[in-house]
Amino acid sequence: MTRSHRITAVYPGTFDPMTLGHEDLMRRASTLFDALIVAVAAGHHKRTLFSLEERLELAREAAASHPNVQVMSFAGLLRDFVVSQQAKVVVRGLRAVSDFEYEFQMAGMNRQLMPEVETVFLTPSDQYQFVSGTFVREIAMLGGDVSKFVAPSVLERLRHKVKQAN
């Protein structure tokens with residue numbers, strides 16, 4: 001069976017920082033869709049450690065080996081970005097049961113805002129089940145070792161941020 005059109009998916013997030021869990025989902029989603037846009041949220045309710053430019057750079061480094069992955073920033077409603085990119089799928093990661101309720105509600109709201117777009121949930125590989133950007137930031141800021149959770153280039157930048165903060 002062949003498709004007559006390409007399917008573009010959007011994987012949105014703050015990616016602060018880009019973790020190995022994010023990279024795992026990006027890699028796996030890139031094999032499922034013709035094109036994947038990693039959409040880095042510009043203005044967000046979360047206070048970020050890394051600037052938008054730094055988060056875009058980290059995401060582009062992670063996406064470099066995936067030719068069908070593009071990294072872009074977006075501001076405002078995810079709906080507006082997804083529609084502007086003519087995407088048909090939003091990819092979301094579910095690490096634990098605790099993520100499900102929030103993500104389920106968000107998927108329902110997104111369905112109301114963009115009924116032509118599907119939300120696809122992916123679970124991370126076993127070794128990344130409990131990795132979150134929030135945990136990585138907190139551990140790093142308290143001097144802990146996060147080398148198992150981020151790429152070497154991210155680790156280097158995290159260490160630099162921690163030095164700046166102290």
CA sep, side-chain torsions, deciding dist, call: T48, R55, side chain to side chain contact (heavy atoms under 4.5 Å, CB included): CA-CA 9 Å; T48 60; R55 290 181 288 127; 4.0 Å; yes
Does a side-chain heavy-atom distance below 4.5 Å link [X] with [Y]?
X	Y	value
L122	L32	yes
F50	L158	yes
R159	V162	no
V131	P124	no

Can you hop from [X] to [Y] via hydrophobic side chains spaced under 4.5 Å?
X	Y	result
L94	V91	no
L77	M106	no
I7	M26	yes

Reference residue T19; test side chain to side chain contact (heavy atoms under 4.5 Å, CB included); the match among V154, V136, V146: V136
Whichever hydrophobic residues join L78 through chains of side-chain contacts under 4.5 Å: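 Joined to L78, directly or through intermediates: V10, I37, M72, F74, F81, V82, V90, M114, V117.
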Side-chain cluster (under 4.5 Å, hydrophobic types only) that V83 belongs to, other residues: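 Noted: V83 shares its cluster with no other residue.
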Where is the tightest heavy-atom contact between [X] and [Y], given as atom of each residue plus distance?
X	Y	answer
P17	V150	CG-CG1, 4.4 Å
N68	F33	ND2-O, 3.1 Å
S132	F135	OG-N, 3.0 Å
A35	R6	CB-NH2, 3.6 Å

Going by salt bridge (charged side-chain N to carboxylate O under 4.0 Å, His left out), name the pairs with one or both residues in [range], residues two or more places apart or in two chains.
range	value
residues 138-150	none
residues 105-115	R111-E118
residues 70-91	none

D34 side-chain N/O to T8 backbone N/O, donor-acceptor pair under 3.5 Å: no
R92 (side chain) donor-acceptor with P12 (main chain) under 3.5 angstrom: yes
Those residues that, when tested against D24, pass side-chain hydrogen bond (donor to acceptor under 3.5 Å, both in side chains) (two or more places apart):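 Once residues adjacent in sequence are excluded, the partners of D24 under the side-chain hydrogen bond (donor to acceptor under 3.5 Å, both in side chains) criterion are R27, R28, S125.
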Any residue meeting side-chain hydrogen bond (donor to acceptor under 3.5 Å, both in side chains) with R157, in chain and number order, not counting sequence neighbours: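 Checked R157 against side-chain hydrogen bond (donor to acceptor under 3.5 Å, both in side chains); matches are E57, E61.
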Who passes side chain to side chain contact (heavy atoms under 4.5 Å, CB included) against [X], sequence neighbours left out?
X	answer
A75	A42
S51	E53, E54
E101	Q105
F15	Y11, M18, H22, V38, V40

Residue from K161, R137, R47 passing salt bridge (charged side-chain N to carboxylate O under 4.0 Å, His left out) with D16: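 Running salt bridge (charged side-chain N to carboxylate O under 4.0 Å, His left out) over K161, R137, R47 with D16 returns exactly one hit, R137.
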Neighbour count >12 (heavy atoms, 6.0 Å) for atom CD, Q86: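 At most 12 heavy atoms, drawn from other residues, nucleotides or ligands, come within 6.0 Å of this atom.
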Side-chain donor-acceptor contact under 3.5 Å, E156 with H160: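 There is no such pair between these side chains.
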Rounded distance (nearest 0.5 Å) linking atom CG of L20 with atom CD of Q127: 8.5 Å
Straight-line distance of F104 CZ to T119 OG1, nearest 0.5 Å: 10.5 Å
Those residues that, when tested against Y128, pass ring-ring contact (aromatic ring centres under 6.0 Å, His included) (two or more places apart): none
